[in-house]
Amino acid sequence: MSDIAPDIAEVIAEPDPRAHASRLLAWYDRHRRDLPWRAAPGERADPYRVWLSEIMLQQTTVVTVGGYFDAFLRRWPTVRDLAAAPLDSVLHAWQGLGYYARARNLHACAQAVVERHGGVFPDDLEALNALPGVGGYTAAAIAAIAFDRQASAVDGNVERVIARLHALETPLPDVKPAIRILAERLVPATRPGDYAQAMMDLGATVCTPRAPRCVLCPLIDMCAGRRLGVAEVLPRRRAKPARPVRQGIAFLLRARDGSVLLRRRPPSGLLGGMIEVPSSPWREGELDRADCLAAAPLPADWQPLPGIVRHVFTHFELRLEVVVARAPTTTGMAEDAADWQWCAVDRLDEMALPTVMKKVLTHGLKALT
DNA sequence: CAGTCGTGGCG
DNA sequence: TCGCCAAGACT
């Protein structure tokens with residue numbers, strides 16, 4: 001913590017930090033965006049919608065979330081509806097959004113709200129933070145936005161705004177504790193919910209990662225980053241490690257009736273609980289085809305398809321070759337295991353398929369027809 | 001605590 | 001094409 005002392009000393013030396021709250025709120029009132037989960041001005045937001053949107057918005061853009069939010073709300077209008085749903089239906093509805101642990105936690109959280117809190121979201125930080133999938137940021141965001149509590153919600157937008165406002169040169173993530181302290185000092189007693197949203201909107205539309213529109217910023221004359229000409233390059237980040245490449249072979253097995261062999265992945269970890277085309281392990285380094293083929297779900301005349309499927313995850317890149325074979329019958333060794341299933345091609349849309357597996361199926365089925 | 005965990009858009 | 005990174009949480 002000693003290395004953050006200079007940053008904090010700097011902000012304490014800044015002129016009265018209260019002024020920006022009223023300016024920011026005035027800006028927010030003029031530029032307020034209409035978002036599906038946002039209440040009308042002056043009205044109280046529905047905690048269920050706030051929570052659902054915040055979970056979906058974790059590391060995900062507003063544009064991407066839009067359609068998913070509407071679909072979820074239509075299908076599960078209340079937290080009790082969501083709690084009563086089968087997990088697989090939630091995973092299916094979540095397909096394509098990524099970070100599938102969020103969907104598992106979403107379901108667990110809905111059940112916790114019903115069981116611990118009688119189906120009513122708690123309004124205090126501690127109880128919110130104890131819910132599955134709700135961390136420090138999301139607890140504060142719900143408390144502020146849904147209950148207008150004086151909570152400091154620090155997401156990536158706010159980190160950027162604060163880092164620029166105070167010209168913090170310490171790179172992320174080391175500077176996080178300092179930002180948290182600074183952000184907390186700035187939360188106003190009046191309209192803390194609107195303030196939280198205003199800070200995030202400012203970061204999303206004005207104080208953007210690249211090419212910030214400083215001339216439109218209501219805080220321009222109190223921004224040290226702007227004054228020093230470093231706003232655009234802040235916050236700094238520690239260099240990220242290179243993304244390794246993992247390779248493997250996916251096995252597209254088709255039965256006589258045209259159905260495809262699929263399996264459910266283990267309930268946690270990468271793509272946890274989602275449906276996949278069976279494949280060899282994904283390994284770094286040279287692709288050993290013979291070794292991979294030994295991992296086939298059954299011995300068959302596996303035919304390689306031209307081309308590969310490439311998919312980029314957060315911490316590695318995946319390259320899959322696709323091999324195809326005909327199964328003699330839809331019965332056999334694969335069927336007695338609970339995680340395996342045959343699926344007709346025209347019913348693939350009922351499966352909880354992550355995007356990488358949709359790519360594999362598209363690639364494989366295109367070559368087959 | 002550093003690593004794990006998706007995906008799409010944009011410059 | 002490629003790297004960046006988005007309303008982070010969990011282990």
Side-chain angles (χ1 to χ4, degrees), chain A residues 33 35-38 45 49-69 91 94-106 108-109 128-146 151-161 172-174 176-177 179-180 183 193 196-205 207-212 232-233 235-246 265-274 276 310-318 352-359:
Chain A
R33 295 185 291 169
L35 301 175
W37 45 87
R38 205 165 257 186
R49 297 188 186 208
V50 173
W51 163 72
L52 179 60
S53 68
E54 288 300 338
I55 301 300
M56 288 183 168
L57 285 164
Q58 290 169 3
Q59 301 292 286
T60 308
T61 60
V62 166
V63 176
T64 302
V65 164
Y68 287 89
F69 179 82
L91 289 175
W94 197 272
Q95 65 177 329
L97 250 194
Y99 286 138
Y100 298 97
R102 291 186 296 171
R104 288 179 260 127
N105 286 329
L106 186 83
C109 182
L128 285 166
N129 209 339
L131 295 170
V134 178
Y137 159 75
T138 304
I142 296 173
I145 298 171
S152 176
V154 180
D155 69 337
N157 289 305
V158 177
E159 279 183 351
R160 186 169 55 254
V161 170
L172 287 170
D174 303 306
K176 274 177 181 282
I179 289 177
R180 211 167 288 133
Q197 296 175 86
M199 283 288 277
M200 291 188 276
D201 273 17
L202 186 72
T205 64
C207 196
T208 48
R210 283 164 305 191
E232 186 156 7
V233 301
R236 302 189 189 280
R237 296 178 186 276
R238 270 208 304 252
K240 294 174 183 174
R243 183 163 18 228
V245 176
R246 298 184 194 172
R265 293 179 62 87
S268 65
L270 184 70
L271 307 177
M274 302 294 284
E276 70 173 355
R310 181 175 171 278
H311 190 77
V312 179
F313 291 93
T314 304
H315 55 294
F316 68 93
E317 174 184 332
L318 179 63
L353 292 165
T355 297
V356 60
M357 291 303 154
K358 290 191 175 185
K359 289 185 184 176

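The basis for the numbers below is simple: all heavy atoms, side chains too, and nothing from hydrogens, waters or symmetry mates. Below, chain A is the first sequence line, B the second, and so on; all start at residue 1.
Put simply, CZ on A:R236 is 18 Å from C1' on C:dC5, counting in whole angstrom units. Rounded to an integer number of Å, the gap from CD of A:E232 to C1' of C:dC4 is 14 Å. As rounded to whole Å, 15 Å separates atom C1' of C:dC10 from atom CG of A:L131. At whole-Å resolution of the value, CH2 in A:W94 and C1' in C:dA9 are 12 Å apart. Rounded to a whole Å, the CG atom of A:N129 is 8 Å from the P atom of C:dA9. The separation between A:N157 atom CG and C:dC5 atom C1' is 11 Å, rounded to whole Å. For the pair A:Y137 OH and C:dA6 P, the interatomic distance rounds to 13 Å; values are reported in whole Å. Taking atom OH of residue A:Y100 and atom C1' of nucleotide C:dC10, one finds them 18 Å apart after rounding to whole Å.
A salt bridge is absent between A:R160 and A:D155: the closest approach of a Lys/Arg side-chain nitrogen to an acidic carboxylate oxygen does not fall below 4.0 angstrom. Using a cut-off of 4.0 Å between Lys/Arg side-chain N and Asp/Glu carboxylate O, A:K176 and A:E159 are scored as salt-bridged. With respect to A:R210 and A:E232, no salt bridge is recorded, no charged nitrogen being found less than 4.0 Å from a carboxylate O.
Positionally, the nearest nucleotide of DNA chain B for A:R238 lies more toward the 5' end than for the other of A:R238 and A:G96. Where A:L270 and A:V63 each meet DNA chain B at their nearest nucleotide, the meeting point lying more 5' is that of A:L270. Summary of the strand contacts: A:R243 and A:N105 both lie near DNA chain C, and taking for each the nucleotide with the nearest heavy atom, the more 5' one is attributed to A:R243.
Comparing B:dG8 with C:dT1, their C1' atoms sit 15 Å apart, to the nearest whole Å. Distance noted for atom C1' between C:dG8 and B:dC1: 16 Å (whole Å). Here, B:dC5 and C:dA7 have their P atoms 23 Å apart, quoted to the whole Å.
Aromatic ring centroids of A:H311 and A:F313 lie under 6.0 Å apart. Checked against the 6.0 Å centroid threshold, A:W94 and A:Y68 do not count as a close aromatic pair.
Within the 4.0 angstrom heavy-atom criterion, base atoms lie near A:R38. Residue A:V356 is in sugar-phosphate contact alone, with no base atom involved, counting any heavy-atom pair closer than 4.0 Å across all strands shown. No contact: A:G203 has no heavy atom under 4.0 Å from any strand. Looking at heavy-atom distances under 4.0 Å, A:W37 makes contact with a base. No engagement by A:I55 is indicated, since no non-hydrogen atom pair under 4.0 Å with the nucleic acid exists. Among the heavy atoms of the strands lying under 4.0 Å from A:V134 are primed sugar atoms or P, OP1, OP2 only; no base atom is included. Contact annotation for A:P173: no contact, since no heavy-atom pair falls under 4.0 Å across all strands. Using a 4.0 Å heavy-atom criterion, one finds that A:R49 contacts no nucleic acid atom at all. Nucleic acid contact for A:T60: base, since at least one base atom lies under 4.0 Å from a heavy atom of the residue. The residue A:G272 sits apart from the nucleic acid: no heavy atom pair falls under 4.0 Å. When heavy atoms are screened at a 4.0 angstrom cut-off, A:T138 is found touching the sugar-phosphate backbone but no base atom. Within 4.0 Å of A:L35, counting heavy atoms only, lies at least one base atom of the nucleic acid.
Applying the 4.0 Å criterion to OP1 and OP2 of C:dC5, one finds that A:R160 has every side-chain N and O outside that range. OP1 or OP2 of C:dC5 lies within a sub-4.0 Å distance of a side-chain N or O belonging to A:R237. Phosphate contact (OP1/OP2 of C:dA7, side-chain N/O of A:Q58, threshold under 4.0 Å): absent.
Side-chain atoms of A:R49 do not come within 3.5 Å of backbone N or O of A:F69 as any donor-acceptor pair. For the pair A:R38 (side chain) and A:R33 (backbone), a donor-acceptor distance under 3.5 Å is present. Between the side chain of A:T208 and the main chain of A:T205, no donor-acceptor pair closer than 3.5 Å is present.
Once you apply a 4.0 Å limit to the heavy atoms of chain A, the touched nucleotides of DNA chain B run 5' to 3' over B:dT4 to B:dG11.
In this structure, A:R238 CZ and A:L172 CG are separated by 9.5 Å, a value rounded to the nearest 0.5 Å.
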